[in-house]
There are 2 protein chains.
Amino acid sequence: MAQNDTVTRILDTAEVLFAERGFAETSLRHITSKARVNLAAVNYHFGSKKSLIQAVFARYLDPFTERFHTVLDDLEQRYAGEVIPLEVLLDNMARTVLEVPAERNSLKVFMRLLGLAYSQAQGHLRRYIQEHYGSVFSRFSSLVRQATPELPDAERFWRLHFVLGTVIFTLSGLDALRDIAEKDYGEHVSVRGLIDRLRPVVVAAMQAPLPPLETDNLSTAS
Amino acid sequence: MAQNDTVTRILDTAEVLFAERGFAETSLRHITSKARVNLAAVNYHFGSKKSLIQAVFARYLDPFTERFHTVLDDLEQRYAGEVIPLEVLLDNMARTVLEVPAERNSLKVFMRLLGLAYSQAQGHLRRYIQEHYGSVFSRFSSLVRQATPELPDAERFWRLHFVLGTVIFTLSGLDALRDIAEKDYGEHVSVRGLIDRLRPVVVAAMQAPLPPLETDNLSTAS
DNA sequence: GTACGTTTAAAACAAATGTTTATAATTTAA
DNA sequence: TTAAATTATAAACATTTGTTTTAAACGTAC
């Protein structure tokens, strides 16, 4: 057995199980038995379950950030000081997101993991992602800022997260939704088809008219 | 001690802890100790942890569906055969969602629970919600259909879920986002303020131009 | 081939989990 | 007031969890 075969097999199995059932609901014994690997191997190679979770993310996010940085480099060079249009930015991001997991297991797993990273407690994960990959997001949102000068900063911040919510929520719950869509509308939808559907919606969301100024600020509900 | 005091105290504590940490990450001992109630009380009053989770949801969703049905009754009567405009439908739904938890703990908890119901495994919960509250959603989406006749059925289906994703994702992760927004833009945002921000975005998303017809269907990625 | 660092293996550990049981306390009704 | 039903309590139960330990197998360089 090659030296890193165990590590790879653990990661391959873990990412699928995590995506299917969440982090807390997936035991190391489930992972190791399905991967046909000894239980202690996880702690030996990764140190702890937390580190394993982080390693699963790193295997997607490391190549993604690297590629996305060069994509942004290319764009900045091509537009040479000119403002990069919003749709170009969004399209390139989508394309990069699609490319990275294409070689590996599946995009579905990746998006589901991203959704979990948001929704599950796992404070250590949020910290890890923020710390290791926060800079790419900063660079991207700075470009988005130049592309949407008409938006107030706070408004753009919220809309980016609105859009992020749409994408992650949809793609991470894709399986269930796809089943319904296929049953009710007899239509098989691929991930790429979904992204074609998302594009006009996302662009329209970012370019929606500004909300009316809030005159009263006597908000009560927390 | 009043007879149902224990039940109420368990529910009050459980919903907060569930919303903070998720279902699997919240132990019955944590709930009962914080609620100053005996551990066995949960199994005595609710039967199991799963049933407790369902009861937490029922306490929000039962009054919501009841109210929303009468709201829809009123609307149908007021528009008497005429098509109810999309914005009216969305506004009324938002208002109903806001009203129900206003009297109780907080809207934040409710939305966070909804987000968890989607993202956590908890197959029993999805089944429970579908079975008990599926009819309201059916009625609502049928009205949305009449309000957006220009949308193909499948497209409307997906856009409704896009929008649902935005709202649940944003409101369920509200705390973290609000902290950032307040720190970076020095702006305190209330839930109602957020909904004012969401309204134009949601409407724009639903009315976005249709995606181009997909000519090639040779999708590869799963 | 021997010695040494690395990896795998089986077993055991300590802690935490949901649930059940047996008993005590309390409320309810007659 | 007393008998019965309901609710609260403490303890124990049986699993499951992540982690550690100890020893065996493996590979590699001298």
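Order of the sequence lines sets the chain letters (A, B, ...), proteins ahead of strands, with each chain counted from 1. Quick note: numbers below take in every heavy atom, side chains included, and nothing from hydrogens, waters or symmetry partners. Remember, it's a predicted structure, so these values are computed and weren't measured experimentally.
- Straight-line distance from the NE2 atom of B:H45 to the C1' atom of D:dT6: 9 Å, rounded to whole Å.
- B:Y133 is linked by a ring pair (Phe, Tyr, Trp, His ring centres under 6.0 Å) to nothing, counting only residues two or more places apart in sequence or in another chain.
- Under the 6.0 Å cut-off for aromatic ring centres, B:F57 and B:Y128 do not qualify, their centroids lying 6.0 Å or more apart.
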Every protein N/O within reach of nucleotides 15-20 of chain C N/O, cut-off under 3.5 Å:
| from | atom 1 | to | atom 2 | distance (Å) |
| --- | --- | --- | --- | --- |
| C:dG18 | OP1 | B:K49 | NZ | 2.7 |
| C:dG18 | OP2 | B:L28 | N | 2.9 |
| C:dG18 | N7 | B:R29 | NH1 | 2.8 |
| C:dG18 | O6 | B:R29 | NH2 | 2.9 |
| C:dT19 | OP2 | B:N43 | OD1 | 3.3 |
| C:dT19 | OP2 | B:K49 | N | 3.0 |

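- Close to C:dT7, at under 4.0 Å from its OP1 or OP2, lies no side-chain N or O of A:T6.
- Between A:D62 and A:R67, no side-chain nitrogen of the basic residue sits less than 4.0 Å from a carboxylate oxygen of the acidic one, so the salt-bridge criterion is not met.
- Annotation: side-chain hydrogen bond (donor to acceptor under 3.5 Å, both in side chains) contacts of B:T166 (sequence neighbours excluded): A:T166.
- For the pair B:N38 CG and C:dA22 C1', the interatomic distance rounds to 13 Å; values are reported in whole Å.
- Taking atom CZ on B:R9 and atom C1' on D:dT9, their separation rounds to 14 Å, with Å as the unit.
- For the pair B:F46 CZ and D:dT7 C1', the computed distance is 14 Å after rounding to whole Å.
- In summary, the aromatic rings of B:Y60 and B:F110 are positioned with their centroids under 6.0 Å apart.
- Taking the six-membered ring for Trp, A:F140 and A:F68 have ring centres closer than 6.0 Å.
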